[in-house]
Amino acid sequence: MPPGGGGRGGYSRGFMSEEEKASTPQITWPLVKRAFSYLTPYWKQLALVLVCIAVSSIFGLLPSILTGRIIDEGLIGRNLGMLIRLILMSLGVTVLANLIGIAENYLNTWIAQHITFDMRNSMFRHLQSMSQRFFTENNQGDIITRMTSDISGVEQVITSTFTSILSNSITLVVAVVAMFRKNWLLALIGMVIVPLFTIPMRKAGKTRWSLTREAQSCNDEINGILNETMSVSGQTLVKLFGKEDYEYGRYKSWNERMIKLNIRQGMAGRWFRMVLTVLTSIGPMLLYLVGGILMMKYDQNLTVGDITVLVALLGRMYGPVNSLLNIQVDWMRSMAMFSRIFEYFDMPVEIRNAPDAVIPAQASGQVQFENVDFSYNPERQILKDINFTLESGHSIAIVGPSGSGKSTLINLIPRLYDVCGGCVRFDGMDVRQLDLHFLRQSIGVVTQDTYLFNGTIRDNLLYAKSDATDEELMKVCEQANIADFIRNQPDGLDTMVGNRGLKLSGGEKQRLSIARCLLKDPALLIFDEATSALDSISENLIQEAIDPLVTSRTSILIAHRLSTILAADEILVLKDGEIVERGQHKDLVDAGGVYTELYETQFRKALEAEKEKT
Ligand code: ATP
């Protein structure tokens, strides 16, 4: 979507737009508690971090406090020995504070890495248990962002935000106490300046937050464009439609917007920093002035060293005050990330194993649909009152117009979705009562959209049975009619299939996925025949591969070709989610119904064309 087109990153000039406000998480106590619950397993290490932070913050302030003694006792007191001792002490504590800082840093990183490690793994496990619905409805880019940047953001919270809050608070408290102990009046004067920070700081914080949100959504858009256009299929589409310039323009305009945002982010708070610089220089001057007057006229005990210490401590306070006031943005950002992560964690697992799930000793592949109703969403029913039985060792062909619900129907058997009404039985048992792993292990599905991952032919085959020998692999390849192709490749089974198997032809991919399915040796074979026209040689090769399979094991075929349909024991004709006809080819073809129409339009022409060719 081009800029200004109302995408997720609506351009706002002021503070948060309505959309941004809506997407800002409600920072509630349960959210915070839940976020912090991730720290509890590491409480021992955390306690150590706390000690390290406290010690290094206090040690970090000691040199400032020692400055007073360096001036009073060393310089004004003209005591060289003392001067050297104090300087060495000051250096010593600085080194020590930094060494402790390193230890704290290591511990911090260790905790953060362990928390994100746990979080990533449990998120991966959780997402794996999500149903097909989740993956069809959610954007892939969004899932990846949550798994990567959002969880990395959590790491940032622990290593940076959390320690920053602690160390700055401790430094601040110690500095304030030390100042009041030195001279309460001067400390009070120094403090007066501090609240003045909050006014410009609040404004700068809000602007930064608003810009951060805009930059985030801008980044999402850019990632989205890259995701879409840099994939093989995306690039093919761009090239075939000559959309290179359009996509370049789209990318460029979002990129431009990102640059502007980055510049604004860089400049955000620039005015504030100017005010801050002025204020930070006013503070010491005020202390020198009032301290000087006090020292000269009213307080004989106040020394030059004392005033210097107060000025130094005041200087040490600005940094923490600045950071603590700015922490609001980091805090909000962190909580936004946590809430995005929790949103996924809280998504219920739709398809889960029943607590008393049954694992039968063997599967025969018998399938029964009893009054099955199904809909993806309440508005539209996809399958209506489906009833059929597929006996073990038999085969059923499902035919019907596009969109009639054929793929939906077969997805119910391995429980990619659960029925909305009625019941699907496998070997006589409701699939919801069977162990999911057993059920899916007993079913082999060859889909239209064959998925091969980037790797060798062997890798792709071994996915079905990791310990299969080369002989086993070649045997199934033989059955799937792909063995000759593999033998003709210089690298044989080690031939790379390319991204999503794109180095192979459609027919080769199909046959390879049949071989993969055979290696699994499933009790029930489901074959969703590709609608796309393959050349007759490829078709024959596939046909030769599936014919013996269909006759040798229980199978369901979504068939688009007559030869496949004829190989089946029974034909179910699906229309608008209902079985409108069923029987054998010879009975259905003369019935004058949907099947006759399908036969006339789809198969007869193909048969005639075939005849003409021969
Ligand atoms: P084809 O022969 O073209 O593959 P089909 O008979 O297999 O079609 P299905 O894929 O089962 O048809 O789709 C049946 C109907 O359900 C279609 O109208 C489709 O738009 C709808 N549909 C499919 N998947 C989903 C989904 N994940 N969410 C919502 N609706 C869906």
Side-chain angles (χ1 to χ4, degrees), residues 127 129-143 233 347-351 367 369 371-388 390 395-422 424 431 443-451 506-507 509-510 513-514 524-534 539 542 546 555-565 568 570-582 588 593-595 597-603 605-606:
L127 290 184
S129 63
M130 287 284 104
S131 71
Q132 194 84 344
R133 192 188 307 276
F134 171 83
F135 293 99
T136 33
E137 284 174 5
N138 285 284
N139 182 322
Q140 194 189 353
D142 190 46
I143 300 175
S233 17
M347 280 184 185
V349 178
E350 213 180 312
I351 311 272
V367 176
F369 271 59
N371 312 107
V372 169
D373 290 329
F374 180 80
S375 50
Y376 289 104
N377 43 54
E379 293 91 58
R380 190 172 153 228
Q381 194 169 356
I382 304 291
L383 295 177
K384 293 160 217 154
D385 198 27
I386 302 287
N387 284 287
F388 72 87
L390 167 65
S395 58
I396 274 184
I398 304 175
V399 298
S402 178
S404 55
K406 304 182 291 293
S407 305
T408 307
L409 187 147
I410 57 160
N411 283 344
L412 301 179
I413 309 171
R415 286 190 74 196
L416 292 184
Y417 291 92
D418 269 344
V419 294
C420 299
V424 175
V431 285
I443 302 171
V445 188
V446 180
T447 52
Q448 276 187 26
D449 180 22
T450 318
Y451 193 89
K509 268 197 295 184
Q510 276 265 326
S513 76
I514 294 173
L524 172 71
L525 181 77
I526 297 175
F527 191 79
D528 195 349
E529 200 170 67
T531 31
S532 54
L534 293 168
E539 275 208 14
I542 292 177
I546 57 168
S555 39
I556 299 182
L557 306 132
I558 296 185
H560 296 285
R561 287 169 304 139
L562 191 59
S563 45
T564 318
I565 299 168
E570 192 185 10
I571 301 160
L572 302 181
V573 186
L574 213 62
K575 189 174 182 233
D576 297 330
E578 281 178 282
I579 298 178
V580 286
E581 288 163 37
R582 64 173 77 201
L588 294 174
V594 180
Y595 189 80
E597 201 179 308
L598 267 175
Y599 177 73
E600 292 293 336
T601 53
Q602 214 172 316
F603 311 129
K605 274 187 206 138

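Note: hydrogens, waters and symmetry copies are ignored here, and every other heavy atom, side chains too, is used. Counting convention: from 1, in listed order, for ligands and their atoms alike.
Look at R380 and you'll find a heavy atom under 4.0 Å from some atom of ligand 1. Within the 4.0 Å heavy-atom cutoff, G405 counts among the residues contacting ligand 1.
Considering only heavy atoms from C-beta on, R582 stays 4.5 Å or farther from V573 through its side chain.
Every atom of ligand 1 is numbered from 1 in the order shown, and the set under 4.0 Å from a heavy atom of T408 is 9 (P), 11 (O), 13 (O), 14 (C). Against a heavy-atom cut-off of under 4.0 Å, S404 is close to the following atoms of ligand 1: 6 (O), 12 (O). Within ligand 1, counting atoms from 1 as listed, the ones closer than 4.0 Å to a heavy atom of Y417 are 27 (N).
Within a 6.0 Å sphere centred on NZ of K509, heavy atoms belonging to other residues, nucleotides or ligands number more than 12.
Residue-level proximity to ligand 1 for F135 is absent, since no heavy atom of it falls below 4.0 angstrom.
Residues forming a side-chain hydrogen bond (donor to acceptor under 3.5 Å, both in side chains) with E350 (at least two apart in sequence, or on another chain): S131, R133. Legend: residues meeting side chain to side chain contact (heavy atoms under 4.5 Å, CB included) with T408, ordered by chain and number and at least two apart, are F374, Y376, I382, L383.
The main-chain N or O of L557 is never found under 3.5 Å from a side-chain atom of K406 such that the two would form a donor-acceptor pair.
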